Structure formats: C-alpha cells, structure tokens
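All values derive from a computational prediction rather than experimental measurement.
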Amino acid sequence: MRVLILGGTTESRRLAEELHARGPRPYDVTTSLAGRVARPGAVPGEVRVGGFGGAEGLARWLREHRTDALVDATHPFAATISGNAARAAALAGVPLLAVRRPSWAPVAGDDWRTAGSLGEAAEVLGGLGPGRRVFLTTGRSGLGVFSGAELGAHWFLVRSVDAPEPPYPARMETLLDRGPFTLEGEREILRRYGVDVLVTKDSGGAATAPKLTAAREAGIPVVVVRRPPVPEGVAVAESVGEAVAWLDYVAGGPGRSGEAGLSAGAELSAGVGLSAAAPEEGSG
C-alpha cells in the first residue's frame with residue numbers, strides 16, 4: 001500500500017518511523033517536506049522536498065504514483081497545504097487523514113487572551129500597554145504585523161528554527177532553537193530577558209508546552225493564536241497510534257486504492273473510532 005505523508009512535524013516523522021519499521025510491506029511510504037526549514041530532522045524512507053503546484057499538482061502526483069492513502073501531518077497552522085490536500089484527495093479519489101495533536105487548554109492560574117490571527121494577536125498585544133517585553137514564539141514568518149508604530153515601544157524576543165523573514169519589529173532579538181524545550185530552560189528565558197508577555201500559536205503537543213507552564217508560574221499574560229479548522233469531512237487522528245490504526249483499516253477495508261475519497265472521511269473515521277472535521281460555525 002502506497003502512502004504519502006505531508007510532513008514537517010514530529011508526528012509525521014514518528015509515523016514514517018512506525019511504518020518504515022514494518023518493512024516494505026504492507027506500506028511503501030514517501031514523506032513530502034515543504035522545504036521551508038533549512039535543517040529538517042531526519043526522516044526514514046523516501047523523502048521528497050518542495051511543493052506540488054497546488055491541489056491539481058498534488059492530485060496528479062497521487063494518481064501518477066498510484067497512491068492509496070494521503071496523510072496530512074503538517075503543522076496545525078499550515079492551512080493552505082491542508083486545503084490543497086483535501087481538494088487533491090477529492091480529485092484523485094484517495095482517502096485522506098489529518099493528524100492533529102490536541103490543542104492546548106488553559107488551566108487554573110493561566111492568564112490567556114485568544115486571537116484568530118497574528119494580526120489580531122498584535123491588536124491584543126497593543127491593548128496590554130506600552131513598553132512590553134514580548135517572547136514571540138509564532139515562527140519566523142508573518143512578523144510584520146508586530147512592526148507597527150502602535151507597538152514601537154515594545155521589545156521582542158523571537159524564537160524560531162531559522163532566521164526570521166522581514167519585515168519584523170525594529171526592537172528585536174532572535175533566538176534560534178528547535179524544540180523540545182524544558183521547563184527549566186523556559187523559566188530561564190523569561191528571567192534572563194525580563195519577559196512580561198508571551199505570544200504563541202496553539203500548536204499543541206508537549207514539545208513546546210513548557211513555556212505555558214513557565215508563564216503561569218511567572219504570572220504573565222499569554223496571547224494564544226487559535227489554529228485554523230481542519231477541512232470539512234476530513235478524518236482526524238490525534239496521535240500516531242490512531243493514524244496507524246486508520247491506515248491499517250484503509251489497507252484492509254473499503255477505503256483502499258481510491259475506492260473511498262474525501263467524501264468517505266466520516267465512514268473511514270467511524271471504522272477506527274476517529275472523528276471527521278465538522279463544518280465551521282456559520283458556514284453554509
């Protein structure tokens with residue numbers, strides 16, 4: 001059974017490792033990386049780097065390589081790639097699974113402010129008062145929204161795997177690092193740099209969660225950017241184990257070899273106890 005994993009996350013690497021450990025049968029796995037990270041982690045099996053040319057290009061690749069299942073294990077905020085994956089799966093008649101680690105949730109003692117986008121996060125940050133020292137952990141792109149005059153008195157510590165892309169705030173220091181991060185390390189960053197507000201995306205998972213605990217302990221506010229929804233009807237797994245169970249079901253069930261495409265997401269999900277993404281509120 002041929003499987004294409006859209007990767008770039010810890011979950012995608014672990015899924016490739018799990019499937020690769022079984023040998024060439026029952027799975028022939030290719031992991032696709034977008035190529036935006038200069039030093040991606042090692043991934044077992046066949047790896048391709050670069051885009052497909054949109055949904056149509058991905059659908060063409062799926063057909064040409066006789067792909068039996070597509071797994072979207074990209075970052076929860078890679079909305080464009082996930083949308084293309086959903087359209088491509090429908091065009092090619094290939095079953096699709098989205099792997100999404102569970103979202104973070106506030107607990108007692110947290111001081112969270114949520115935002116629907118980086119732009120909204122900048123607005124929330126502006127409302128917290130001037131002269132803030134901000135630990136910005138939203139990645140290297142999209143930082144221009146924090147460079148406006150209304151945030152000119154703020155200082156930013158930007159942490160990312162690769163160097164940030166301009167435009168970005170004028171008063172900024174960069175910390176290049178890759179998770180997982182420790183609680184002690186996050187406490188030290190807040191202390192050393194005098195951080196008094198944290199801005200993060202709801203990436204979920206344990207690798208980058210210690211910063212939330214450190215912020216709670218320090219009593220500082222956290223601005224959390226909500227993740228975009230998974231495309232409607234797509235089967236969703238919250239762990240590598242669930243993803244493997246779904247693939248095993250597809251390999252031996254009605255979803256194999258294009259017999260069930262995107263529209264069968266709910267049926268395939270039910271077969272292994274998963275959920276299928278629901279329509280967004282207010283959608284037609």
Side-chain angles (χ1 to χ4, degrees), residues 1-9 11-12 15-16 19 26-36 46-101 103 226-240 242-284:
M1 175 174 168
R2 293 186 177 91
V3 179
L4 175 63
I5 300 174
L6 303 180
T9 60
E11 289 77 16
S12 68
L15 178 59
L19 299 179
Y27 297 109
D28 178 4
V29 181
T30 298
T31 299
S32 179
L33 304 176
R36 290 183 55 82
E46 184 174 346
V47 177
R48 69 174 301 280
V49 178
F52 292 91
E56 292 75 13
L58 176 54
R60 187 182 313 112
W61 194 98
L62 294 173
R63 288 191 292 262
E64 290 176 352
H65 291 78
R66 301 179 65 185
T67 305
D68 297 301
L70 175 61
V71 179
D72 171 16
T74 57
H75 193 275
F77 283 81
T80 299
I81 297 176
S82 295
N84 285 341
R87 290 190 291 273
L91 289 171
V94 173
L96 169 64
L97 175 72
V99 180
R100 294 291 185 271
R101 65 192 74 147
S103 291
R226 296 186 299 271
R227 59 175 63 175
V230 174
E232 179 183 346
V234 175
V236 180
E238 292 189 342
S239 69
V240 170
E242 289 183 357
V244 171
W246 184 88
L247 285 167
D248 286 345
Y249 182 83
V250 172
R256 186 172 181 178
S257 300
E259 294 175 19
L262 178 64
S263 61
E267 177 187 344
L268 293 176
S269 301
V272 287
L274 304 182
S275 63
E280 293 182 64
E281 290 186 13
S283 62

### Verdict with supporting geometry, Arg101 and Glu11, salt bridge (charged side-chain N to carboxylate O under 4.0 Å, His left out)
CA-CA 8 Å; Arg101 65 192 74 147; Glu11 289 77 16; 2.7 Å; yes

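Annotation: side chain of Val240 is not in contact with side chain of Val99 (no heavy-atom distance under 4.5 Å). At least one side-chain heavy atom of Val230 sits less than 4.5 Å from a side-chain heavy atom of Arg100. Inter-residue side-chain proximity for Val3 and Met1 is flagged as met; some heavy-atom pair is nearer than 4.5 Å. Thr30 places none of its side-chain heavy atoms less than 4.5 Å from the side chain of Val47.
Of all heavy-atom pairs between Leu96 and Ala86, the closest is CD2-CA, 3.5 Å. Taking all atoms of both residues into account, the shortest heavy-atom contact from Ala89 to Leu70 is CB-CD2, 4.4 Å. Counting all heavy atoms, side chain and backbone alike, Leu33 lies closest to Gly7 at CD2-C, 3.9 Å.
Scanning for side chain to side chain contact (heavy atoms under 4.5 Å, CB included) contacts around Arg2 gives Asp28, Arg66, Asp68, with sequence neighbours left out. Not counting sequence neighbours, the partners of Ser32 by the side chain to side chain contact (heavy atoms under 4.5 Å, CB included) test are Leu4, Leu6, Arg48, Phe52. Under the side chain to side chain contact (heavy atoms under 4.5 Å, CB included) criterion, Arg63 pairs with Ala59, Arg60, Leu91, Ala92, sequence neighbours left out.
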Please set out all donor-acceptor pairs under 3.5 angstrom arising from side-chain atoms of residues 74-81, sequence neighbours excluded.
from	atom 1	to	atom 2	distance (Å)
Thr74	OG1	Asp72	OD1	2.6
His75	ND1	Phe77	N	3.0
His75	NE2	Ser203	OG	3.3

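Tyr27 places no side-chain N or O within 3.5 Å of a backbone atom of Ala16 that could act as its donor or acceptor partner. Between the Thr9 side chain and the Ala73 main chain, a donor and an acceptor come within less than 3.5 Å of each other.
Partner of Val29 under the side-chain contact (heavy atoms from CB on, under 4.5 Å) criterion, chosen from Val71, Leu247, Leu15, Ile5: Ile5.
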